[in-house]
Amino acid sequence: MSDAAFKSEFLQAMQARGYIHSISHPVELDEAAAARKLVGYIGFDATAASLHVGSLIQVMMLRRLQQAGGKPIVVMGGGTTKVGDPSDKDTQRPLLTTEQIQANIASLKTVFAKFLTFGDGPTDAVMVDNADWLDALGYVEFLREFGVHFTINRMLAFDSVKLRLDREQPLTFLEFNYMLMQAVDFLELERRHGCNLQMGGSDQWGNILNGVELIRRVDQKPAFALTTPLLATASGAKMGKTVAGAVWLNADMRSPYDYWQFWRNTEDADVGRFLRLFTDLPLDEIARLESLPGAEINAAKKRLADETTRMLHGADAAETAARAAEAAFEQGRLSDDLPTVEVKAADLEAGIVLAALAHDAGLTGSRGEARRLAQGGGLRVNDKAETDANRAVTTADLVEGVIKLAAGKKKIVLVRPV
RNA sequence: GGGGGAAUGUCCCGAGUGGCAAAGGGGGCGGACUGUAAAUCCGCUGGCGUACGCCUUCGUAGGUUCGAGUCCUACUUCCCCCA
């Protein structure tokens with residue numbers, strides 16, 4: 001497959017910005033894109049109440065599609081989540097209840113509007129829930145209509161299945177059906193919305209191809225697959241895993257300040273790649289930023305943090321986060337914009353064990369962890385390392401009305417009595 | 001259908017003789033060095049308690065034992081061989 005010279009704006013941009021891992025029917029897809037006839041979808045499972053940074057690349061792909069004159073469809077996996085994608089999981093996840101799934105979907109929805117323009121126009125994004133058609137399918141009907149198009153022989157060869165088998169982990173029949181459901185999704189979207197492109201992570205390649213082939217076989221319509229490379233940092237870590245767990249996109253689960261910090265802490269070697277993937281900055285500007293020598297690269301990281309935070313949380317939040325970070329890290333002073341935790345004034349009067357306070361403030365996962373952290377010299381009260389996490393923190397520790405609590409150099413919380 | 005093996009710290013991989021909170025990696029976190037980077041070196045990496053301590057962990061459920069990850073039985077899942 002030679003993808004050297006795409007003529008469509010969409011694929012050119014996708015390639016230049018590093019989104020493309022694999023494409024099916026590249027020439028045909030390029031033509032459809034050039035003719036602005038792409039209707040592309042990505043499915044999102046509703047296993048959590050928020051997307052995290054790991055899914056951001058998918059959301060950005062829909063954004064690129066819209067920018068290039070295509071129509072994006074966001075598919076919420078209200079139906080598929082009931083089954084569970086076996087991809088790269090060791091064992092089956094506990095099944096979510098329908099209520100949980102619906103609650104998750106409601107929570108997930110809000111984020112997409114930040115990246116896409118929804119509406120009724122030809123290139124406006126739409127959101128659908130695959131429970132709408134999957135729930136209504138009868139088993140026998142499902143088997144007769146779609147089951148005939150899939151051979152077990154092929155399904156066993158797919159990575160998602162093979163991996164589980166190779167690892168000697170059970171794969172239930174329930175999960176085995178996931179890939180069929182995803183194929184049915186694509187077909188259904190083709191019929192309902194003229195959808196002809198499904199995108200996703202490279203782990204979805206097999207699942208997506210199933211849909212492509214189903215559409216081509218059953219409806220004799222063109223359909224394409226496009227997958228992204230699996231994202232990892234330059235040093236090999238999985239994208240989006242940090243101290244406090246996943247980097248959620250919902251503001252109530254991960255503050256704009258933390259989000260800004262996440263991007264600010266990008267490794268040097270990743271800056272250019274991330275700028276291309278996660279911001280709308282022009283490519284020549286990115287080329288300039290990523291080639292900044294030595295410590296100057298920090299300017300590029302700030303730009304990355306600014307742009308990504310603005311896109312998700314808005315300009316005000318981005319600016320506030322940037323200001324708080326600058327104050328804390330570059331000037332070493334406090335800023336009201338730092339994350340704040342409130343404690344009862346009466347409790348503080350009485351004294352709160354430092355380990356408990358650090359834990360309650362979300363700095364550590366447990367009191368024991370806070371103690372160990374303190375012993376290692378990583379716990380600071382008002383910038384002073386505190387090795388005894390058993391000491392009581394009291395009103396005497398207040399400086400200008402707050403207590404600055406830090407775990408390591410980057411996790412800072414202001415404790416404020418109320 | 002018969003025979004043999006395997007499942008370990010809920011992030012992963014992986015040692016483990018009846019006394020084990022359980023070797024060693026990776027990852028993660030912290031410290032030093034830097035540029036809020038990488039690499040490197042050092043420390044930490046089940047929960048609770050100020051503390052001698054208590055509680056929970058080795059696929060699941062029982063049993064033997066003063067004591068079980070370690071032995072026995074049944075079950076679940078996986079691998080290999082024979083049919």
Side-chain angles (χ1 to χ4, degrees), chain A residues 52 54 86 88-94 161-173 175 232-247 257-275 289-306 321-333 335 338 351-360 362-380 383-393 405-412:
Chain A
H52 55 82
D88 91 342
K89 301 287 186 308
D90 287 345
T91 52
Q92 187 177 341
R93 281 184 293 236
V161 173
K162 206 150 61 89
L163 205 79
R164 192 73 81 74
L165 297 179
D166 286 349
R167 296 189 66 163
E168 308 180 11
Q169 298 288 353
L171 174 72
T172 61
F173 184 66
E175 298 169 278
T233 67
S235 30
K238 277 201 194 91
M239 183 87 185
K241 272 190 66 181
T242 64
V243 198
V247 180
Y257 171 82
D258 276 345
Y259 191 71
W260 194 92
Q261 276 296 316
F262 169 76
W263 292 106
R264 173 62 184 80
N265 285 308
T266 296
E267 296 174 26
D268 286 10
D270 288 326
V271 176
R273 197 158 55 102
F274 287 178
L275 280 168
L289 285 169
E290 72 174 326
S291 62
L292 289 171
E296 285 180 44
I297 193 85
N298 283 328
K301 295 185 189 179
K302 285 184 201 171
R303 194 66 194 281
L304 174 65
D306 284 343
R323 221 175 28 234
E326 189 188 339
F329 290 105
E330 293 176 25
Q331 297 162 17
R333 59 181 177 76
S335 159
L338 282 169
I352 304 173
V353 175
L354 177 55
L357 185 61
H359 174 235
D360 293 345
L363 251 29
T364 59
S366 69
R367 295 178 182 198
E369 189 187 331
R371 290 201 182 88
R372 288 191 295 268
L373 182 72
Q375 270 162 17
L379 188 59
R380 269 179 282 270
D383 295 318
K384 196 164 70 66
E386 201 72 62
T387 47
D388 177 20
N390 292 324
R391 96 167 174 85
V393 176
L405 221 55
K409 287 177 180 138
K410 295 176 185 173
K411 271 187 295 180
I412 304 171

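Nothing here was measured: the structure is a model prediction, and the numbers come from that model.
Considering only side-chain N and O atoms, R380(A) lies under 4.0 angstrom from the phosphate OP1 or OP2 of G31(B). OP1 or OP2 of G49(B) lies within a sub-4.0 Å distance of a side-chain N or O belonging to R367(A). Dashed line: the shortest gap from a side-chain N or O of K410(A) to OP1 or OP2 of A37(B) is under 4.0 Å. Proximity of T364(A) to the phosphate of C29(B): no side-chain N or O atom is located under 4.0 Å from OP1 or OP2. The shortest distance between the side-chain N/O atoms of K409(A) and the OP1/OP2 oxygens of A37(B) is not below 4.0 Å.
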Criterion side chain to side chain contact (heavy atoms under 4.5 Å, CB included) on L292(A) and N298(A), from CA distance to verdict: CA-CA 9 Å; L292(A) 289 171; N298(A) 283 328; over 6 Å; no
Stepwise side chain to side chain contact (heavy atoms under 4.5 Å, CB included) check, D268(A) with K301(A): CA-CA 8 Å; D268(A) 286 10; K301(A) 295 185 189 179; 2.7 Å; yes
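A385(A) comes within 4.0 angstrom of no nucleic acid atom, judged by non-hydrogen atoms across all strands. Across all strands, Q261(A) comes closer than 4.0 Å to base atoms (heavy-atom distances). Heavy atoms of N390(A) sit under 4.0 angstrom from primed sugar atoms or phosphate atoms, though from no base atom.
The L373(A) side chain lies nearest to C29(B) when the options are A37(B), U36(B), C29(B). Considering only side-chain atoms of R371(A), the nucleotide from U50(B), C48(B), G35(B) that sits closest is U50(B). Of the listed nucleotides (G30(B), G47(B), G35(B)), G47(B) has the atom at the smallest distance from the side chain of R372(A). For I297(A), the listed nucleotide lying nearest its side chain is G35(B); candidates were U36(B), G35(B), G47(B).
With rounding to the nearest 0.5 angstrom, the CG atom of N265(A) is 10.5 Å from the CG atom of D258(A). The distance from atom CG of L379(A) to atom CG of L363(A), rounded to the nearest 0.5 Å, is 7.0 Å. Taken to the nearest 0.5 Å, the NE2 atom of H359(A) stands 14.0 Å off from the CD1 atom of I352(A). Taking NZ of K302(A) as the reference point, atom CD of E330(A) lies at 3.5 Å (rounded to 0.5 Å).
With both pairing distances under 3.5 Å, C48(B) is matched to G53(B) as a Watson-Crick or G-U wobble pair. Pairing partner, G35(B): none, since no Watson-Crick or wobble contact has both distances short of 3.5 Å. Under the Watson-Crick or G-U wobble criterion, with both distances below 3.5 Å, A22(B) has no partner in any strand shown. Base pairing of U77(B) is made with A6(B), judged by Watson-Crick or G-U wobble geometry with both donor-acceptor distances under 3.5 Å. Pairing for C71(B) goes to G63(B), judged as Watson-Crick or G-U wobble with the two contacts each under 3.5 Å. The partner of G43(B) is C29(B), judged by Watson-Crick or G-U wobble contacts that both fall below 3.5 Å.
A straight line from CG of N265(A) to C1' of A38(B) spans 13 Å, rounded to a whole angstrom. Here C29(B) presents its P atom at 18 Å from NE2 of H359(A), a figure rounded to the nearest Å. In this structure, D268(A) places its CG atom 16 Å from P of U34(B), rounding to the nearest Å. Rounding to whole angstrom units, CD of residue E369(A) and P of G30(B) are separated by 9 Å. If you take CH2 of W263(A) and P of A37(B), they are 17 Å apart, rounded to a whole angstrom. Straight-line distance from the CD atom of E267(A) to the P atom of U40(B): 12 Å, rounded to whole Å. The distance from atom CG of D270(A) to atom P of A39(B) is 11 Å, rounded to the nearest whole Å. Rounded to whole angstrom, the span from the NZ atom of K411(A) across to the P atom of C29(B) amounts to 8 Å.
The C1' atoms of G69(B) and A22(B) are separated by 8 Å, rounded to the nearest whole Å. With P as the reference atom, U56(B) and G47(B) are 16 Å apart, rounded to whole Å. Straight-line distance between the P atoms of G28(B) and A37(B): roughly 14 Å, to the nearest whole Å. The same atom, P, is picked in A74(B) and in U50(B); the two are 48 Å apart, to the nearest Å. G46(B) and G63(B) have their P atoms separated by 30 Å, given to the nearest Å. For U36(B) and G30(B), the P atoms lie 15 Å apart once the distance is rounded to whole Å. Comparing the same atom, P, in C29(B) and in A39(B) gives a spacing of 12 Å after rounding to whole Å. For the C1' atom pair drawn from A68(B) and C33(B), the interatomic distance equals 47 Å after rounding to whole Å.
Map A325(A) and G408(A) each onto its nearest nucleotide of RNA chain B; the residue landing nearer the 5' end is G408(A). Of the two residues contacting RNA chain B, namely G294(A) and V353(A), the nearest-nucleotide position lying further toward the 5' end is that of G294(A).
In textbook terms, a nucleotide whose glycosidic angle is within 90° of 0 is syn, and C20(B) is one such case.
With Q261(A) as the partner, the side-chain contact (heavy atoms from CB on, under 4.5 Å) test is satisfied by one option alone out of Y257(A), Y259(A), W263(A): Y257(A).
Looking at R380(A) and D383(A), no side-chain N of the basic residue comes within less than 4.0 Å of a carboxylate O on the acidic one, giving no salt bridge.
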